[in-house]
Number of protein chains: 2
Amino acid sequence: MVGTRKAATVHRGLDPDRIVDSALAVADADGLGAVTIRRLAQQHDVTPMALYRHFRDKEELLDAVADRLLGEIALPEPDGRPWHEQMRDLLAAFLAALRPHPNVAQLTLDRILTSVPGLMLAERTLTLLDIAGYAPDQAARIGRQVLCALVGMVSNEPGAGQHGDPEERDDALHAERATLAALPPRRFPRVAAAAEALTTTDRQDDYYRLGLDLAVAGLRGVAPRS
Amino acid sequence: MVGTRKAATVHRGLDPDRIVDSALAVADADGLGAVTIRRLAQQHDVTPMALYRHFRDKEELLDAVADRLLGEIALPEPDGRPWHEQMRDLLAAFLAALRPHPNVAQLTLDRILTSVPGLMLAERTLTLLDIAGYAPDQAARIGRQVLCALVGMVSNEPGAGQHGDPEERDDALHAERATLAALPPRRFPRVAAAAEALTTTDRQDDYYRLGLDLAVAGLRGVAPRS
DNA sequence: ACCTGAACACCGTTCAAGT
DNA sequence: ACCTGAACACCGTTCAAGT
């Protein structure tokens, strides 16, 4: 009642943040391909064109989704530990932000250098690589590779077939496992033996821990100063 | 004239291989999003529905495109050298097959375990990781990560914005470089300094050599036996 | 066997109006 | 300022025919 002018002009539910919420929910449930201007509009009981008041086009909407993910990165404070320990924590923070939304992770790659939180991640990465002894050019290239590898890790984590029902997804994984296990053991003995490991969604923490080990070990192995 | 029955029923130009050719050409020129049933049909002077004689749906067409790339892998023969040297050559062979088609590379990831050339790559990778001392489960996980990282490397190579004209692409890269260089040097000194390295398409061989170094060094660093 | 034609249920997006 | 409605140029795909 004693509403200020600002309160009087409050949106009834169609502001960019809530659209991004919906986009994330749709992508998590049905994949990035299901994120559609028309579908989001429908979820907000509004005409598709209403969204264009808030985003110039679909790409700008996806930018906002990526920004949301990048904004969730909880950057660890720099400290006095060896660079590779700090690097591990930094990369782990990036992973932690991406993991809840594997279907959306790939969007962040193109936006790392165009959003503030992404730039902060990049700056920290380059700083640690400098401490490791990398020349600036090398650091730029190798930093890109590592962040790229992490995003790929999340986008392609064993369960990420981006289907609808969790039941259907389990069935698909089970079928794939059976196909692999039935491979001719003369030609593909190791793939057949690894059928279980390649198709399980269990022990995801192991998967990610190993991925971090791999990335950090790579950086240490190539670094001028170890 | 003395045509066999087979020669008499030869296609006049609409066989799956030529459709895949077109799909690759379109993807290379205008990105994966431009690969459209209708556009491919048009290129072959045929109705969109004609393609459904050869592919059950669009996904099967993309499977064929991915198979084409995977089929280009020239697997090196196993020999007596240390596992990491053989691994490097194996990964380099995969990279060499992907590099000509960065816009398409990502398609291969989901198809590695469903195509014969992909399975051969996977089998070789697991074999070398076994020699390195990895337990089968670990080998499966880490092998996936590495192949994933390589695909990501190609998909996200500096020039890969998947635009049309090469001129337009250069302009986009130049603009991005300027934006990065103009970043507040107080907050993002290293990113600003790396603007050039992050946006150049020169020295791609360095980029890929470094990526291979990173991957192999990671595998060696994590391996039970080095 | 291979291709066509018309139709359906979707897209993103522009333009001109409405309040 | 914010939303609507109709329209346009695209999608993938089904179905029933044509030869």
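Note that the coordinates shown come from a computational prediction; the quantities given were computed from them, not determined experimentally.
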Out of D:dT13, D:dT4, C:dT4, minimum distance to the side chain of B:V46 belongs to C:dT4

For C:dG5, give the paired nucleotide (Watson-Crick: N1-N3 plus N6-O4 or O6-N4; G-U: N1-O2 and O6-N3; both under 3.5 Å), or none.
D:dC15

Taking 4.0 angstrom as the limit, do B:R99 and B:D205 come out as a salt bridge?
yes

Rounded to the nearest angstrom, tell me the gap between atom CG in B:L51 and atom P in C:dT4.
10 Å

A:F55 CZ to D:dC3 P, straight-line distance once rounded to whole Å:
12 Å

Atom-to-atom span, CG of B:D57 to P of D:dC11 - whole angstrom:
17 Å

Phosphate contact (D:dC3 OP1 or OP2) by A:H54 side-chain N/O below 4.0 Å:
yes

Phosphate-side-chain proximity, B:Y52 and D:dT13, N/O vs OP1/OP2 below 4.0 Å:
yes

Would you say A:T36 reaches C:dG12's phosphate, i.e. side-chain N/O to OP1/OP2 under 4.0 Å?
yes

Calculate, to the nearest 0.5 Å, the distance between atoms CD and CG belonging to A:E196 and A:L198 respectively.
10.0 Å

Separation of atom CZ in A:R53 from atom C1' in C:dC15, rounded to whole Å
12 Å

Salt bridge or not between A:R56 and A:D63? Use side-chain N to carboxylate O under 4.0 Å.
no

Quick one: do A:D206 and A:R209 make a salt bridge, cutoff under 4.0 Å?
yes

Distance check needed: C:dC2 P versus B:I19 CD1, whole Å only.
12 Å

Looking at the side chain of A:M49, which of D:dA6, C:dC3, C:dG12 is the nearest nucleotide?
D:dA6

Between A:I37 and B:T47, who's closer to the 5' end of DNA chain C by nearest nucleotide?
B:T47

I'd like to know if B:D137 pairs up with A:R203 as an ion pair, taking the criterion as any Lys NZ or Arg NE/NH1/NH2 lying under 4.0 Å from an Asp or Glu carboxylate oxygen.
no

Please report, rounded to the nearest Å, how far the P atom of D:dA9 is from the CZ atom of A:R38.
15 Å

Let me know the distance between CD of B:Q42 and C1' of C:dT4, rounded to the nearest Å.
16 Å

Take the protein atom CG of B:L32 and the nucleotide atom C1' of D:dC11, then report the distance between them rounded to whole Å.
15 Å

